[in-house]
Amino acid sequence: EKKEKKEKKEKKPIFYRSPMDPKQTSPVPRKDEMGMDYLPVYEDEANGNASTVKGLATVTIDPARQQLIGLRTAEVSRGTVGGAWRTVGTVAVDETRVRRVNVKFPGFVERVHVNYTGQKVRKGEPLFSLYSPDLLAAQEELLLAVRSRDAVGGEGGELADDRQTLVAAARRKLQLWDIPSSEIDRIIRTGEAVKSLTLYSPISGVVTKKDVVEGMPLEAGATPYEVVDLSTVWVLADVYESELRRVKEGMPASITFNAFPGRVFTGKVVFVEPLMDRDTRTVKVRLTFANPDGELRPGMFGEVKLQAAPREGLRIPVDAVIDSGTNKVAFVDIGDGKLQPREVQLGESDGAHVEVVSGLTEGEKVVSGANFLVDSESRLRASLADMAAAAEKAQIKGESAQVLPSTSSPQSPDATPSEHSEHPSHGGR
């Protein structure tokens, strides 16, 4: 302690600065307008304590003051990095589970069984009934071919084969019009053509489109219904360009929703879009999730967690890093209350810790609390160092300018009147 006090006494301030405005300096001790003493600035404080980060200087804070401002440190240690990261996702319809019910012949709607969008339907459930003269004519063709075949009886030969071919062709025509085989068998069994035909849902799901009312005409190719199977849904998530290298098809993922607190839905990545959005600099990643109870509705927002393979690496707390926009800095405790700014290169982050690629070594301690106060003090010290260097340069320049007149001749126009009064020629007068 005596040695430290002695060293402090031997130090000589190079200038003094105002405690309220660091830009106000003085070469001698003085007081400001409020009566506060100017603070002495020593040489080691003015030169920035040999900091390697431009605009920042090493800061010395005694332990008592560290405790007062809530300064905390964390050790640079090895741990798991690159495990998981989070993004935002939107529930969407699985496009592979969308079915549109279309008609392949013109007709008129006689009855509607499913009356509104959003209604749940099961596979094989009736949707609507359609009367069509073309369909009625096709049924008559089938019945005529069946009667012709039956008239031949057990006789063989080419005639029986031809009539059987006619039956198969008429049956095939109805099948291509999406008439169920059970309905065709019923027509053949009863021997009567039905006036209207009922169309059924091809899958179990939810009706997302209904463009039909009773009595309206339908042309061939019309799609009056659309049914979506929501037992499996997609989630479209945004992944930033810097994280794109970590995304792989088949990697596990999970999603949580505010609507279901405490619940986690699990799925996986099934597709990564090949194009990037130029405006947001993100890529859409498609994930698939099971939805047996229909709880996940298209349009819902959730927090997606993508799970990558973890690995070992150096890491520090996220709040130990100060991002200035152009570089990332951490303050290292080098002992004796000195906090040195250090530029660091960072890797992957899990939200709580971030990987350190370069700039720090294992076992060092970095400031993780009150580091913004330390950053402000460091910038202040660096600015004082620049001001001291500028003042010293200006002083040297001024001293050089004072030396120049003494080397001039007596007849120089810069000479003062007093100098001329001592000249011999003036004495003659």
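On a predicted model such as this, the values are computed, not experimentally measured, just so you know.
The structure places OG of Ser132 at 12.5 Å from NZ of Lys195, a figure rounded to the nearest 0.5 Å. With rounding to the nearest 0.5 angstrom, the CD atom of Glu273 is 9.5 Å from the CG atom of Asp238. Here Leu135 contributes atom CG and Leu130 contributes atom CG; the two are 7.5 Å apart, rounded to the nearest 0.5 Å. Going from atom CG of Leu236 over to atom CG of Leu287 covers 8.5 Å, rounded to the nearest 0.5 Å.
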(message) Determine whether Leu230 and Glu295 satisfy the following criterion, side-chain contact (heavy atoms from CB on, under 4.5 Å), listing intermediate values before the conclusion.
(response) CA-CA 9 Å; Leu230 295 179; Glu295 295 177 310; over 6 Å; no

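We find that Arg379 and Asp375 are joined by a salt bridge, their nearest charged nitrogen and carboxylate oxygen being less than 4.0 Å apart.
Leu339 places none of its side-chain heavy atoms less than 4.5 Å from the side chain of Ile334. Between Met251 and Gln307 the shortest side-chain heavy-atom distance does not fall below 4.5 Å. The shortest side-chain heavy-atom distance between Pro202 and Arg99 falls under the 4.5 Å cut-off. When side chains are defined from C-beta on, Phe128 counts as touching Leu218, because their heavy atoms get closer than 4.5 Å.
A donor and an acceptor atom, one from each side chain of Thr266 and Ser254, are nowhere located under 3.5 Å apart. No donor-acceptor contact under 3.5 angstrom links the side chains of Ser201 and Glu125, judged on distance only. Lys209 and Thr223 share a donor-acceptor pair across their side chains, judged by distance under 3.5 Å alone.
Aromatic ring orientation, Phe257 versus Phe265: perpendicular (interplanar angle above 60°, classes split at 30° and 60°). Ring-plane geometry between Trp177 and Phe105 is classed as tilted, the angle between the planes lying from 30 to 60 degrees on a 0 to 90 degree scale.
Tested against Val269 for a side chain to side chain contact (heavy atoms under 4.5 Å, CB included), the candidates Val285, Val239, Val304 yield a single pass: Val285.
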